[in-house]
*Asks:* 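Take this structure first; my questions come after.
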Amino acid sequence: MSPAAEPSPLAGGSTADLIGALEVLRGRLDALRLTHELPDVDAQRRTRRRSIDQLDDYMLPRLRASGAPLLVVVGGSTGAGKSTLVNSLLGRTVSAPGVLRPTTRSPVLAHHPDDVRWFTGDRVFPGLTRGGQAGRSLRLVPSDALPAGLALLDAPDVDSVAEENRDLAAQLLAAADLWLFVTTPARYADAVPWDILQSAVARHAQVALVLDRLDQQTHDVPADLRTMMDERGLSQASLFTVPEADLVDGLLPSSEVRELSAWLTALGGDGPARERVAVATRDGAVDDVVDRTLDLAAAADEQVEATERLRASVRTAYAEARSRVRAATRDGTMLRGEVLARWQDFVGTSEFFRSVEKKVGRARDSVVGFFRGRPARAPQVQEAIAHGLEALLLDAAEAAAERTWQSWRSDPAGRALTDDASLSRASAGLHEQVGAEIRGWQGDVLDLVREQGANKRGLARALSFGLNGVAVSLMVVVFASTGGLTGAEVGIAGGTAVVAQKLLEAVFGDDAVRRLARDAQDRLDDRVDAVLDPQARRYTTQLDALGAGEPGGQALRDAADAVRSAALAEREGRPEPVEPVPVVTPESHADPASTPRSSGWRRLFGRGTR
């Protein structure tokens, strides 16, 4: 059995539980929608995407197949010589060097021919096609120069001018069992590579550095680089140097890469050593994805809060519009102006108010006679009421739209949703809808009067000539309170309301009139809702279309806690602890006897730099 197929000596009985917990976490991350353009949302989206990629590309495949080859990803800055180094280690050109090389979008993965089965399917990098095809692809190259159980992947530049290449480099490094990070004396202190290396430190990834193109003028760089590594959490990372040399057929002389080649060969041939590297990196990746998930849970909560803020602003604006209409149709405001004038034409002068007030208490016949005399004037009152209600509703809808627009524009989450300036006003077809709803309400009132009159059979016949007049009187009663009137209006409209009330009471009785007024008010409220609800939905449907307002971060926290618990159980179930990766240093090379020889692992890493 080849080393790559050896069963894992560290696989505990709870590995399946950890896999299950990570699969749940992966599903929760996939369901997460960071839809609102809040501050830092771009970084949060990248974190989510990279977390999913790392689970798919590395963590789940590594747990499901712990005997898979160790994946060493070669990364670094533009011009660091990664491709030349990979080609020289393999003894042939498999990755074209150069700043604008064709492999930037099709990274090259070199592997022993016996290990091809591990990489041809979608076990790792399921999002990359195989064979260097168009798009994001992975080119597989078999090589006898590599030991079975170890694969070498040449990644794009971490500081590429193309964002797509930078993202792919980060994705590939996140899927590495071991980072082989290449830098040069001219670039070793650059910020971008160190930002990438700090991410490796954060998740305890196993790292080895290669200082390429070292010459006599830069002989003091290795010591300075080692100091930087110690100060930045990479004291356990191995450091190799490769001197500047003339290329032969595009390759470095074999003597210049012999030490690094021997180190990789020894690592590939030692199953327990490979396992320890893989498990150490995997453990760090699991811990890191838990931490990132908790950060994303907080981001999810912010998204839900933003959705609720936007929905609340819509509710507030349109609730205010409803309240405004409700108040104006109950406090006497509607009995002003044209409505009042047309009502006066309908019922006559104030002297007549007093005479009618006396007559309606004596006999209903007087009321019937009153309505029979004025059937032609009732529609004029209805029309005036319709105009007044229309103006009231349109104004309320416009105010609600403007208030919602301003509120959304002042919110980072809402600003991105208000590119359509038409949302700052009521919809274009609202005038027709309002007219239809008002006519519908007036028809409702007429139906109420007709239904009530049908219960008084003889009276129904007497009122058949004056139903519109009775309905107009009921509308006036709905608007009956004088709370919104001042001065002389109180006397005029107040008397108007009293006349209407007395007329209806003489026809139907006190209880029936109160019930009719309540029913008419309720139906008016329904008609107002039928106007304003679609106006509010112009905003809320945008949130619905985004999928905004989904459950917040608690589901992610629960999944992260389950992964943490499963990981702890899996680690406690191992037969032996994972040892840290030993360090290859100039000192250990200078004095091989100083490196402990008590185990094959220590012997493996007991080689130093040039």
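Below, each value reflects all heavy atoms present in this structure, side chains not excepted, and no hydrogens, waters or symmetry copies.
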*Asks:* Mind checking whether His111 and Phe119 have parallel, tilted or perpendicular rings, split at 30° and 60°?
*Replies:* tilted
*Asks:* Run through Gln54, Arg64, Arg26 and flag the one making a side chain to side chain contact (heavy atoms under 4.5 Å, CB included) with Met59.
*Replies:* Gln54
*Asks:* So if I apply the salt bridge (Lys or Arg N to Asp or Glu O under 4.0 Å) rule between Asp167 and each of Arg46, Arg49, Arg50, which one comes out positive?
*Replies:* Arg50
*Asks:* Is it the case that Asp558 and Gln554 place a side-chain donor and acceptor less than 3.5 Å from each other?
*Replies:* yes
*Asks:* So do Val158 and Arg166 actually touch side chain to side chain, heavy atoms under 4.5 Å?
*Replies:* no
*Asks:* Evaluate Asp157 against Lys82 for salt bridge (Lys or Arg N to Asp or Glu O under 4.0 Å), listing each step before the verdict.
*Replies:* CA-CA 9 Å; Asp157 303 325; Lys82 300 185 303 300; 2.4 Å; yes
*Asks:* In Å and rounded to the nearest 0.5 Å, what is the CD to CD distance from Gln216 to Glu244?
*Replies:* 12.0 Å
*Asks:* Give a yes-or-no answer on whether the side chains of Arg409 and Thr418 include a donor-acceptor pair shorter than 3.5 Å.
*Replies:* yes
*Asks:* Answer yes or no: are there more than 12 heavy-atom neighbours, outside Asp249 itself, under 6.0 Å from its atom CG?
*Replies:* no
*Asks:* Please determine whether a side-chain nitrogen of the Lys or Arg among Glu37 and Arg45 lies less than 4.0 Å from a carboxylate oxygen of the Asp or Glu.
*Replies:* yes
*Asks:* Using distance alone, with no hydrogens and no angle criterion, decide if Thr281 and Asp177 have a side-chain donor and acceptor under 3.5 Å apart.
*Replies:* no
*Asks:* Pick out which of Val182, Val72, Val74 makes a side chain to side chain contact (heavy atoms under 4.5 Å, CB included) with Val86.
*Replies:* Val74
*Asks:* For Glu570, is there an ion pair with Arg574 - N to carboxylate O distance below 4.0 angstrom?
*Replies:* yes
